[in-house]
Amino acid sequence: MGVAPDPAVPPPEPAPRGSDWGGAETAPHVHSAVRAACGGEPALTAEVLAALSPEQRRGWRALPDPLPHVPAFDAYRRQAVPQDIDAGLLLALALCGVGGLPVLGLLTGSSSDRIAASPLGRLVRLRGGAFRLSDPALRASVLAASTTGERIGAHRLLASAFEETGDPLAALWHRARGAVCGDPRLVEPLLDRAGAALRAGSADCAWAFATEAVEHAQSGTDALPEALLCAAHAALAGGCVVDALECAEGALRLDGAHRDAARATFVLAHALRHGTVPGPERLLPGDPAVPGFHHAAVLGASLSAERGDHERTIAWLAAGARAEHASQDRIALRAWCELLAGEGTGATAIGDGDEIRRVARALCAGLQGDPDAGLRALAEPEPRDAPEVAVGLPVRGPLLRARRAVAEALLHVWAGRIGIARDLLRSAADRLPVAFPFGGLAVSLSRRLDLAVDGRIGAWSKSLEAAAPWAREPGGFVDRAIGAYLQGRSDEAAVHLRLWDDRGRPAERFGLPGLDEVGPLSASGGLEPPETTTARRLRARVRAAREASWRADLETVAEESRGVRSPFERARVEALLGSTCAARGDLGRGVRHLRAAQSLFEEAGARAWRGLVERRLRAMGERAPIGGGAADSSAQPALEVCRAVWDPILTAREMEVALLMADGRPNREIAHTLHVSVRTVEVHGGRIFAKLDVRTRHELTVLAHRTDQHL
């Protein structure tokens with residue numbers, strides 16, 4: 001959230017990570033907002049971020065208005081302001097934000113020409129009949145240094161100026177801010193102004209007017225719960241979930257006409273704050289005929305489905321069935337929930353209504369195999385009669401725009417455009433609270449995209465993780481597996497996947513780029529397009545190809561992979577084909593497949609995966625001689641790579657025998673190590689040779705070293 005209802009600063013731009021970055025505890029969109037308010041000054045930004053509370057830095061609470069007073073503000077103000085400038089006038093200009101030239105004339109007693117030629121003219125921007133302080137950092141520093149009494153006096157001065165120049169809306173704001181005690185007559189016009197700001201998508205402005213209305217509303221009247229509910233909507237729209245939950249709970253505790261309307265707001269705020277959806281019993285009994293009950297059921301079912309809580313989804317759907325509203329809404333919602341539960345296709349039943357269903361329909365198109373159709377649906381202009389509010393939230397507000405942005409990035413991932421998806425998600429994270437939609441999907445998505453592009457998890461992903469206010473299922477094992485694999489440590493990747501399996505294979509509701517090149521596990525899960533499933537199965541067939549028929553098997557896989565349109569998914573198939581062919585002695589075919597993977601990864605923007613392929617190609621051009629006999633200490637990592645590759649083919653006991661044989665151990669020593677007879681070792685050896693299509697220990701050792709060289 002911003003720092004004033006009519007901020008005099010330009011929209012925040014994507015911020016480079018530098019000395020003013022607030023660290024992993026600062027949400028990207030909060031950093032951008034503070035940086036814009038501080039005029040891009042690194043020292044000011046860093047000090048202000050450090051002075052904020054942890055909840056404010058993470059975007060869970062609105063930024064304070066004014067920003068905290070920090071020493072850097074004093075130094076900046078002394079440097080920027082001439083000594084002969086009246087401090088009271090400067091404060092009034094800072095509080096005014098943007099105003100008309102007649103207001104400036106009343107405040108200064110001078111014409112615009114004289115002002116432009118005066119020392120004040122260097123601080124004020126005059127353009128198009130309006131004025132504002134030209135330096136956002138100066139405005140923030142002036143406001144931060146002012147006292148409450150000084151601001152009250154300046155607001156009263158501005159209220160008189162705006163009333164005299166015929167601007168009742170601006171006069172309303174300054175009259176409310178300049179009041180020493182609450183004035184109930186101001187509540188209704190303040191809420192009208194807050195509602196208009198919400199419909200326009202300005203959550204900051206709506207929050208400022210709504211919270212001011214709360215200050216003026218009297219206890220025991222309907223105006224107070226109405227103002228609290230409006231403030232909750234504004235906070236939710238901006239992603240300030242702690243503020244939203246407090247306001248919603250306050251509205252629910254008060255009797256009045258708006259108590260039922262607060263139900264949906266409470267459900268959404270609770271889910272975003274704690275990561276869990278409250279059950280319908282917490283809001284019952286209630287009147288199913290009121291819109292608030294219906295909105296609560298819609299949100300409760302949808303949010304529960306997104307989090308994989310099928311039982312609570314059904315409970316909310318059953319509660320919503322009592323609501324006396326259009327059956328089409330319930331049909332669309334049920335289709336969406338069944339889709340998320342993996343029980344239906346959903347897209348045909350989800351209409352073109354509000355923003356919630358619009359995004360759902362786009363994702364359904366992607367899950368049915370056409371992510372570009374989903375992107376086109378998101379890009380279509382809104383119908384003229386489109387509702388301004390979806391389940392209680394403004395469709396142009398930051399939270400629903402963040403939902404659309406996450407869906408757009410996910411659709412690009414499903415289309416194989418990894419680099420574009422990361423750029424879009426980063427840009428959205430600098431403007432919007434993207435950590436909240438779809439149960440925090442953007443947090444995991446950002447980490448996977450960072451790994452695919454850079455091979456490591458960057459600052460954006462870490463800050464997004466801190467911005468999610470609930471404990472999420474750890475996905476670190478799969479992330480570490482991908483990172484290890486991209487650095488050429490397949491054995492370590494397999495270990496991390498084993499640990500992930502021990503945890504019950506936790507997965508996101510929507511499929512993200514995982515890892516199935518080492519096994520026997522496939523780090524995937526969640527809803528995914530058919531093409532992604534096909535590519536994953538093709539890679540499984542490459543890994544399971546037997547030595548006796550591997551040429552024909554891999555040729556069949558290569559032919560089928562040509563139907564995979566996603567450059568990223570097909571590149572992974574080509575890379576595994578190339579490495580497997582090279583490991584089994586066909587270097588020519590291996591190089592061809594790896595070159596294809598290199599080109600496809602380049603198209604997808606997956607630089608880290610492309611780097612992996614390039615390292616393999618370089619290694620194939622610098623082949624070291626392979627010797628027989630016992631292996632030295634450097635051979636152990638090679639055998640661990642073989643464990644990941646041979647796991648789908650050999651049993652656990654055969655794997656132990658095969659690795660010891662490839663390490664040069666005689667049968668008697670193997671028998672002693674494994675506490676079995678020599679005859680048992682010989683039997684296992686015969687099965688190993690047959691499965692891997694080798695005839696001697698020497699050939700087994702050669703195969704092991706080739707596998708390590710190319711995987």
Side-chain angles (χ1 to χ4, degrees), residues 1-13 27 29-30 32-37 56 59-67 94-99 130 132 136 139-140 143 162 167-174 176-177 186-215 226-241 243-244 247 265 268-269 354-355 382 386-405 427-434 436-437:
M1 290 230 173
V3 297
D6 294 302
V9 295
E13 299 177 356
H29 69 286
V30 174
S32 295
V34 172
R35 182 173 177 268
Q56 290 167 341
W60 306 347
R61 285 192 183 275
L63 291 175
D65 179 19
L67 291 173
L95 287 172
C96 181
V98 178
R132 65 176 175 86
R139 178 177 186 268
L143 292 176
F162 278 109
D167 190 341
L169 291 179
L172 166 69
W173 168 252
H174 292 292
R177 295 288 283 180
L186 298 176
V187 175
E188 184 176 350
L190 285 170
L191 291 180
D192 288 342
R193 185 70 181 91
L198 268 179
R199 290 188 293 275
S202 178
D204 295 352
C205 184
W207 170 255
F209 278 100
T211 52
E212 190 64 29
V214 171
E215 295 296 323
E226 181 182 4
L228 285 169
L229 181 58
C230 184
H233 286 164
L236 269 181
C240 300
V241 292
D243 289 329
C247 292
T265 308
L268 180 55
D354 60 35
E355 180 70 7
E382 295 181 4
E388 295 177 329
V389 176
V391 288
L393 290 178
V395 297
R396 298 180 184 88
L399 188 62
L400 288 188
R401 286 193 287 126
R403 181 183 178 88
R404 178 187 286 211
S427 176
D430 276 320
R431 297 175 289 106
L432 304 167
V434 299
F436 295 108

[X] and [Y]: which non-hydrogen atoms are nearest, and at how many Å?
X: A176; Y: L186; value: CA-CD1, 3.7 Å
X: A213; Y: V187; value: O-CG2, 3.8 Å
X: P437; Y: L399; value: CG-O, 4.3 Å
X: P136; Y: A36; value: CB-O, 3.6 Å
X: D243; Y: A235; value: CB-CB, 3.9 Å
X: A405; Y: A428; value: CB-CB, 3.6 Å

Reported [atom1]-to-[atom2] distance for the pair [X] and [Y], which is rounded to 0.5 angstrom:
X: C96; Y: R132; atom1: SG; atom2: CZ; value: 12.0 Å
X: W207; Y: C240; atom1: CH2; atom2: SG; value: 7.0 Å
X: L172; Y: R193; atom1: CG; atom2: CZ; value: 9.0 Å
X: T265; Y: L229; atom1: OG1; atom2: CG; value: 5.0 Å
X: L143; Y: L95; atom1: CG; atom2: CG; value: 5.0 Å
X: R35; Y: D430; atom1: CZ; atom2: CG; value: 9.0 Å

Can you tell if the side chain of [X] reaches within under 4.5 Å of the side chain of [Y], non-hydrogen atoms only?
X: R431; Y: R401; value: yes
X: Q56; Y: V30; value: no
X: R403; Y: F436; value: no

Determine, step by step, whether R177 and D65 satisfy the side chain to side chain contact (heavy atoms under 4.5 Å, CB included) criterion, reporting the C-alpha distance in whole Å, the side-chain angles of both residues, the deciding distance to 0.1 Å, and the verdict.
CA-CA 12 Å; R177 295 288 283 180; D65 179 19; 4.1 Å; yes

Trace of the side chain to side chain contact (heavy atoms under 4.5 Å, CB included) decision for L190 with E212
CA-CA 7 Å; L190 285 170; E212 190 64 29; 3.9 Å; yes

